[in-house]
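Here's a structure for you.
Worth knowing before you read on, the calculation uses all heavy atoms, side chains too, and leaves out hydrogens, waters and symmetry mates.
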Amino acid sequence: MSSKSIRPAPQPFLAHDTRPAFHQSTTASVPERGSVPNFVSTRQSAKHKATATGSGRKVRLFHFLFEMLEDPSMAHCLSWVPAATGVFRFSSRNKDQVAALWGQKKGNKRPMTYQKMSRALRNYARSGEIFKVKKKLTYQFSYNTLMSLQMRYHRDQ
DNA sequence: CAACTCGGGAAGGTCA
DNA sequence: CTGACCTTCCCGAGTT
């Protein structure tokens with residue numbers, strides 16, 4: 001012991017019964033036949049400056065996932081879990097689609113898969129951005145992460 | 001039993 | 001060069 005993790009272990013903020021108050025999933029049997037998201041062209045503009053107001057960092061995986069979650073056309077891949085703040089779940093069938101898009105955005109050599117992407121997701125538990133919830137293919141943004149994500153999203157929109 | 005999902009250790013890459 | 005942040009591999013274990 002000692003010399004390991006002196007931190008109080010980050011924790012997810014209680015999943016259940018918190019008011020949604022955010023989205024409002026238009027849950028109504030999402031047609032499984034997805035296709036291509038609306039944006040697609042996520043090319044990187046040579047060099048991203050944005051050294052203005054202290055922003056201008058590389059896009060992180062959780063930023064990307066949040067944007068996917070806000071895009072209705074991606075509902076067949078992942079979506080918010082109703083009545084649970086910051087909780088989202090991947091579609092068992094199309095989870096690799098999200099991963100593939102992430103991989104393309106990053107310009108990886110080999111195609112990204114859910115397996116590999118979830119490895120990165122697991123590391124988020126250590127840094128406290130996202131936690132795994134006991135349900136299959138389900139994760140939860142930490143409260144702080146969710147808040148900053150919403151601010152960035154509405155600001156950059 | 002097979003297919004999936006989950007959890008990490010470990011090493012490799014990219015970039016500011 | 002260094003650290004942050006993944007990416008890729010791999011394998012064991014628990015579920016479905």
Next on the checklist: Restricting to side chain to side chain contact (heavy atoms under 4.5 Å, CB included), what partner residues turn up for R122(A), sequence neighbours left out?
Outcome noted: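 Expected list: S118(A), R119(A).
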Next on the checklist: So, using salt bridge (charged side-chain N to carboxylate O under 4.0 Å, His left out) as the criterion, who are the partners of E129(A) when residues are at least two apart?
Outcome noted: R60(A)
Checklist entry - At under 4.0 Å between heavy atoms, what does S92(A) touch on the DNA or RNA strands: base, sugar-phosphate, or nothing? => result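 Sugar-phosphate contact only.
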Item to check | Separation of atom NZ in K132(A) from atom C1' in dG7(B), rounded to whole Å | outcome: 11 Å
Checklist entry - Within this structure, what is the NZ-to-P distance between K136(A) and dG7(B), rounded to whole angstrom? => result 14 Å
Next on the checklist: Counting primed atoms plus P, OP1 and OP2 as sugar-phosphate and everything else as base, spell out the protein contacts along nucleotides 6-14 of chain C at 4.0 Å heavy-atom distance: B, S or - for each nucleotide, 5' to 3'.
Outcome noted: SSBB-----
Checklist entry - Given atom CG of L137(A) and atom C1' of dG7(B), what is their separation to the nearest angstrom? => result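 Taking atom C1' of dG7(B) as the reference, CG of L137(A) is at 14 Å.
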Checklist entry - Which residues pass the side chain to side chain contact (heavy atoms under 4.5 Å, CB included) test with S148(A), sequence neighbours left out? => result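 Partners of S148(A) under the side chain to side chain contact (heavy atoms under 4.5 Å, CB included) test: none.
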Checklist outcome for this item: Between CZ of R89(A) and C1' of dC4(B) the distance, given in whole Å, is 16 Å
Checklist entry - Would you call the rings of W102(A) and F64(A) parallel, tilted or perpendicular, where under 30° means parallel and over 60° means perpendicular? => result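 Tilted.
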Checklist entry - With sugar-phosphate meaning primed atoms plus P, OP1 and OP2, does K134(A) contact a base, only sugar-phosphate, or nothing at under 4.0 Å between heavy atoms? => result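 Counting heavy atoms under 4.0 Å across all strands, no contact is made by K134(A).
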Next on the checklist: If you compare every side-chain N and O of K95(A) against the phosphate oxygens of dT5(B) (OP1, OP2), does one of them come in below 4.0 Å?
Outcome noted: yes
Checklist entry - Residues in side chain to side chain contact (heavy atoms under 4.5 Å, CB included) with A99(A), at least two apart? => result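 If we apply the side chain to side chain contact (heavy atoms under 4.5 Å, CB included) test to A99(A), skipping adjacent residues, the hits are M112(A), M117(A).
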Next on the checklist: Going by the rule side chain to side chain donor-acceptor pair (under 3.5 Å), which residues pair with T145(A) if we only count those two or more places apart in sequence or in a different chain?
Outcome noted: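 Only S142(A) meet the side chain to side chain donor-acceptor pair (under 3.5 Å) criterion with T145(A).
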Checklist entry - Which whole-number value in Å describes the distance from I130(A) CD1 to dC5(C) C1'? => result 13 Å
